[in-house]
Structure formats: C-alpha cells, structure tokens
Amino acid sequence: MKIIQVKTILTSPNQNYLFVKILTDSGIYGVGDASLNGREQTVADLIDTYLAPLLIGRDPEQIEDFWQFVYRGSYWRGGNIMMSALCGIDMALWDILGKSAGKPLYVLLGGKVRDKVLCYSHVLGKTQEEKIARAAEYVRVRGLKVIRLRAGLPAANGTFKVNGHQNGPKVEPWTPEDEIYNTIEYFIRIREAVGRDVGIIYDLHERFSPDQAVRIMRKLEEYDPFFIEDPVAPDCVDSLRYVREKTAVPIAFGELYKSRWECLPAITGRWVDFIRCDIIRIGGITEAKKVAALAETYDIKTAWHGPNDVSPITHAVNWHLNVSEYNFGIQEDGTTDSLIHQVVTGGPLYRDGYLTMEARPGIGCDVDEEMAARYPFHKAYLPVCRQEDGSLHSW
Ligand code: CS2
Ligand code: MG
C-alpha cells in the first residue's frame, strides 16, 4: 500500500476545524484531526507545503517511522503548529491501519480493558445563578456523575468562548482577587446544590499564580473536588511543584503540554493525579500511548483534553484510548455541539454519564467534504485577558 494524496479540509460549523485526509492506492483512506483553535490556517499550510510531499509514495503502515522522521528529522522540534499537523497525519495513518486490518483502533492498541468511559461535562450558563441551577439539572436529568465548572467574572459577562473573533481578539477583564473570591463561593454553592455524591471539577485554566492557586485550593479541600484542572501556567515547572506541596486537592494538568518530555517532571515528581494532555497538541495517537504508559508507571491516571474545539474524530480517538488504557481516569466530554456532527460522522455520544461509541474499523469517523464546504472557514482569534491597569494576562 502506498500513499497517493494528502488533503487538508478547513471548515467552520460554529467553530473552526482542520481535518487531514490521506488516500492510498488501495482505495483505503484515513481521516485525522489537526484543529488548533486560532491557528488552523497555519497548520494547514504546514501540512500542504512541507509534510504532504514527504508522505506521497510512503507506506502508510510505517506510522512510528513517520512520526520520528517529522519530529527528529526536521531538526527543529515540536511546537503547537508542528505537533498539531503531525497529529492530523498520525491519526489518519492509524485510521488506515485499522481499516486495512478490519479492526477498530482500540484493538490495535491492545484491546478493551473496560466497557464504560466515565465522562464529565462543562456546566454552561450565562450567570452563576443559571449555572448553579443547571448543575443540579445536569445531574438529575442527564445523569452526570461528574460535572465541571469555571466561574468567569461577572464583568466578563460569562464569556469564555473558544470560537473567537475575526478582526482580532476580544479583550476580557481579569481581576484575580474577584476571581479567587468568586471561585471559592461558586464552588461551595455548587457543592450544596448537587450534594456529596457528585464529582465536581474546577478549571482554573492556567490563570493563577502559584500562591493564588494554593489559596483557592486550600479553601476547597473540605468540599472534596474531584480534581482541580490546570491551576497554574505550564511554563515554569516549579509552579506546579509548589502547588502540589501545599495542598491535598487532586490535580489534573497538561492541556498546554506539547510532548511527553514536557509532561515528564509532573509525572516523575507525582505532582499530578491526572495527566490531561490534548492529544492533538502532543502529536497524536503515537505520542498519547507513550504518555499514558509513562503515567501508568507512576500510578497516574489519564483525563485527555476533550473540548468542543477539537472534533468528533479526536473525541473518538480519546474513546479508543480510554477503553484500552489500564490507567484511564475520566474523559472530558465536548461532544455536544450539534453542527459538527453534520460534517463528521461516527463520533462517540454521551449517554447517562458515559461516552459510548459504535466500534468500526479504524477510528470509526468520516468527514463529509461536501458538508464541510457548506460551512466555509474564516479566520478567528481566541480572546485575551487584560488586568485593570491594562497589562496582559494569560487567558
Ligand atoms: C478548556 C478549553 O476544555 C478545556 O479544558 O481549557 O476549552 C480551552 O479553553 C480551549 O480548548 C481553547 O481553545
Ligand atoms: Mg481547561
């Protein structure tokens, strides 16, 4: 089998996505997700200009070799653009392998070790009051066992939108003292609303300094968070260690990591309880199985990033990893946006607190190119945060 064509597909059903389709001379093709919110066009250009020509004529079954060839062979290693591009290709190659073997991806990864994939959903709503009411409803009506929250300053009008703006980033205010207070108050009210048996996750979105994160987490200890997500920025590894040493709250970390080497101190130091890389950002399935194996070695569970700005293809890959990994912890469920399901078919669906998926050979998804063309891509920016004095802060 030989690769004969590599296509990139940009589309925007409510949200921008980038897909990779790799065609072979056998008639089998594979699809992958290379979406990088706010930088989709750049990733597509990298694939079209540099990587696609390297794939033509290659054996699609040499997945590991191509990964190493791109990662090490280009001398300039990694980064978000390169790893997202590599992921789109990596997923498409695994998809081809599964289809040609007639086996679902999870079988290629070692087979099922569980029947159910526990997931958590983000509680949406404009105001805190609305979110508190919704949280209780999610549990009662939708059967969620674990929910996730993020306060969002009232001044920011509840916005934490990921499908950004076309003419430049929207500026959101950031007042840490208000946010610390809000987070603590909001968490306690949610705990009262849903009771003791529901898991509550809180996303701090890498926005706090280590001492601010510790202040929040210590106050929340007695309210039993399932975990606190991304308390500090990943740039300085000592920040995470500082937080870990000062609080007993479980920590999940890693949606901004770009490789297994970036995860390494957090794993070997046991500074996290859950590793939650975004598998697009670390270069796909080939790298995710290595991160999972490293984490297993240190008794750390996985909680792969799964927002709605990655497509159902990635949600499906997450599901295949989840059912075949020994050290699976929980899965973020971002599968609810409906328009994308017109473009990508076959992804997992939410049911009663779990993600379920009908297994088919390969990843099990397909991209409808005609549908994708009906939702033309347009450049969009993620928001930025500025503090009261005008200075920029991590979003
Ligand atoms: C978030 C994401 O799902 C999450 O945990 O942190 O929504 C993140 O903000 C987006 O993926 C950014 O595009
Ligand atoms: Mg997050």
I'd like to know if [X] pairs up with [Y] as an ion pair, taking the criterion as any Lys NZ or Arg NE/NH1/NH2 lying under 4.0 Å from an Asp or Glu carboxylate oxygen.
| X | Y | answer |
| --- | --- | --- |
| K301 | D273 | no |
| D211 | R215 | no |
| D65 | R58 | yes |
| K2 | E61 | no |
| R134 | E130 | yes |
| D203 | R150 | yes |
| R276 | D230 | yes |

Considering only heavy atoms from C-beta outward, does the side chain of [X] approach that of [Y] to under 4.5 Å?
| X | Y | answer |
| --- | --- | --- |
| E369 | I9 | yes |
| I313 | V31 | yes |
| F253 | E229 | no |
| E40 | Y17 | no |
| T175 | E388 | yes |
| P231 | I251 | yes |
| E172 | V384 | no |
| T302 | L321 | no |

| message | For Y138, does the six-membered ring have the charged nitrogen or CZ of R142 within the cation-pi criterion, i.e. under 6.0 angstrom from the centroid and within 45° of the normal? | response | yes
| request: With R114 as the cation and F328 as the aromatic partner, state whether NZ or CZ is under 6.0 Å from the six-membered ring centre and within 45° of the axis. | output: no
Are a donor atom and an acceptor atom from the side chains of [X] and [Y] found within less than 3.5 Å of each other?
| X | Y | answer |
| --- | --- | --- |
| T8 | D48 | yes |
| S84 | R281 | yes |
| Y29 | D366 | yes |
| Y375 | Q342 | yes |
| N16 | S12 | yes |
| E332 | N318 | no |
| Q212 | S209 | yes |

Output yes when a side-chain donor or acceptor of [X] lies under 3.5 Å from a complementary backbone atom of [Y], and no otherwise.
| X | Y | result |
| --- | --- | --- |
| T247 | V243 | no |
| T49 | L46 | no |
| R260 | K289 | no |
| R191 | G195 | yes |
| S35 | L18 | yes |
| H305 | D278 | no |

Is [Y] reachable from [X] through a run of hydrophobic residues whose side-chain heavy atoms are each under 4.5 Å from the next?
| X | Y | value |
| --- | --- | --- |
| L392 | W174 | no |
| V232 | L256 | no |
| L109 | V113 | no |
| L54 | I56 | yes |
| L339 | L10 | yes |

Distance, nearest 0.5 Å, that separates [atom1] of [X] from [atom2] of [Y]:
| X | Y | atom1 | atom2 | value |
| --- | --- | --- | --- | --- |
| E287 | I280 | CD | CD1 | 14.5 Å |
| I180 | R207 | CD1 | CZ | 12.5 Å |
| N308 | N37 | CG | CG | 9.0 Å |
| R39 | K379 | CZ | NZ | 10.0 Å |
| I3 | Q62 | CD1 | CD | 9.5 Å |
| I330 | L118 | CD1 | CG | 4.0 Å |

[X] versus [Y], closest heavy-atom pair with distance:
| X | Y | answer |
| --- | --- | --- |
| W67 | I282 | CZ2-O, 4.0 Å |
| I147 | V198 | CG1-CG1, 4.2 Å |
| K290 | E64 | NZ-OE2, 2.8 Å |

| query | Going through the checks in order, is the side-chain contact (heavy atoms from CB on, under 4.5 Å) test met by I22 and L55? | reply | CA-CA 9 Å; I22 299 184; L55 279 159; 4.2 Å; yes
| said: With side-chain contact (heavy atoms from CB on, under 4.5 Å) as the criterion, how do Y186 and Y202 come out once you've worked through the C-alpha distance, each side chain's angles and the decisive distance to 0.1 Å? | reply: CA-CA 10 Å; Y186 183 40; Y202 208 99; 3.3 Å; yes
Tell me whether the rings of [X] and [Y] are parallel (<30°), tilted (30 to 60°) or perpendicular (>60°).
| X | Y | answer |
| --- | --- | --- |
| H205 | W395 | perpendicular |
| W261 | Y71 | parallel |
| F69 | F66 | tilted |

| task | Show the numbers, then the answer: is there a ring pair (Phe, Tyr, Trp, His ring centres under 6.0 Å) between W319 and Y354? | result | CA-CA 10 Å; W319 181 86; Y354 296 92; over 10 Å; no
| task | Output, in order, the C-alpha distance, side-chain angles, deciding distance and verdict of side-chain contact (heavy atoms from CB on, under 4.5 Å) for I201 and Y120. | result | CA-CA 8 Å; I201 291 173; Y120 65 90; 3.4 Å; yes
Does [X] have more than 12 heavy atoms from other residues, nucleotides or ligands lying within 6.0 Å of its [atom1]?
| X | atom1 | value |
| --- | --- | --- |
| K103 | NZ | no |
| R386 | CZ | yes |
| K112 | NZ | yes |

| message | Which residue is it: Q331, E325, H315, E255? I am looking for the one with a side-chain hydrogen bond (donor to acceptor under 3.5 Å, both in side chains) to W304. | response | E325
